[in-house]
Amino acid sequence: EKCDVTLVDVKKDADVLAAFLDEYKAPYVYKASGTGFHVMLEWNDLKNYFVAPADFGSANRAFAKFLVEKAFKGKGCRYHDSSTVGEGRGLIRASYSLHPNVARICLPLSREMRQGFTPAMTNYEEVLKSFSPPHSRLPYNHKTQGDLSRLIKEFRGSKQDNKVQRQKEK
């Protein structure tokens, strides 16, 4: 069956999540993975809010689902895969690695790059041009700056957090 969804269509949902995180001044990494987009929070930014990586498992999934529900509510987003939100079980494609199925580069995108994004930017020939002088290196992540305190405060006491707390009590 042919799929008529384009990378640009999928990017619209990722942009909604990124804009939501920007409203809260939360740090994140935004990547074009070759077949889609990833908006990721890193453990270094979350570790002050969760006791330990062991606590992070169920709390991570609950917090991630909380973020996605809050960000996408009423926005008509259709192209995100909620089944993998917060799972962290799969491998995350490394920046500048080649996706073997579509021959596209996993490209970290700054805000400026996202605004002018075209799928051609992930073609390996285009990425190689970026490594040519005067661009000797491309940044690894283009991570935004900020903190998660406002979002964590809203998460605490939410139905998702209450579910995690009930599971801990069992």
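It should be emphasised that the depicted structure is a prediction, and the values quoted were computed from it without experimental measurement.
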- Message: Taking Tyr96 as the starting point, is it possible to reach Tyr124 by hopping between hydrophobic residues whose side chains are less than 4.5 Å apart?
- Response: yes
To the nearest 0.5 angstrom, please state how far the [atom1] atom of [X] sits from the [atom2] atom of [Y].
X: Tyr24; Y: Leu67; atom1: OH; atom2: CG; answer: 9.0 Å
X: Lys12; Y: Thr6; atom1: NZ; atom2: OG1; answer: 7.0 Å
X: Lys31; Y: Ser97; atom1: NZ; atom2: OG; answer: 7.5 Å
X: Lys153; Y: Arg156; atom1: NZ; atom2: CZ; answer: 13.0 Å

Side-chain touch [X]/[Y], heavy atoms, less than 4.5 angstrom:
X: Phe117; Y: Lys11; result: yes
X: His38; Y: Cys106; result: no
X: Met113; Y: Tyr30; result: no
X: Leu107; Y: Val127; result: yes

- So which heavy atom on Ala32 is nearest to which on Leu109, and how close? CB-CD1, 4.0 Å
- Note on the structure: Closest non-hydrogen atoms of Val102 and Gly34, given as atom of the first, atom of the second and distance, are CG2-O, 3.5 Å
- Query: For Asn101, does its backbone N or O pair with a side-chain atom of His99 as donor and acceptor, under 3.5 Å?
  - Reply: yes
- Just by distance, do the side chain of Arg114 and the backbone of Ala18 share a donor-acceptor pair under 3.5 Å? no
- Message: Checking side-chain contact (heavy atoms from CB on, under 4.5 Å) between Phe20 and each of Val68, Leu151, Val39, which is the one that passes?
- Response: Leu151
- Message: Which residue is it: Leu17, Leu7, Asp15? I am looking for the one with a side-chain contact (heavy atoms from CB on, under 4.5 Å) to Phe37.
- Response: Leu7
- Stepwise, does the side chain to side chain contact (heavy atoms under 4.5 Å, CB included) test hold for Ile152 with Phe63? CA-CA 8 Å; Ile152 296 289; Phe63 182 59; 3.7 Å; yes
- Message: Working note: Met121 + Thr118, criterion side chain to side chain contact (heavy atoms under 4.5 Å, CB included); need CA distance, chi angles, decisive distance, verdict.
- Response: CA-CA 6 Å; Met121 290 170 66; Thr118 64; 3.7 Å; yes
- Can Ser110 and Glu112 be said to form a side chain to side chain contact (heavy atoms under 4.5 Å, CB included), step by step? CA-CA 5 Å; Ser110 66; Glu112 296 77 28; 3.3 Å; yes
- Message: Check this for me, if you would: do Asp22 and Arg111 make a salt bridge, where the nitrogen-to-carboxylate-oxygen distance has to be below 4.0 angstrom?
- Response: yes
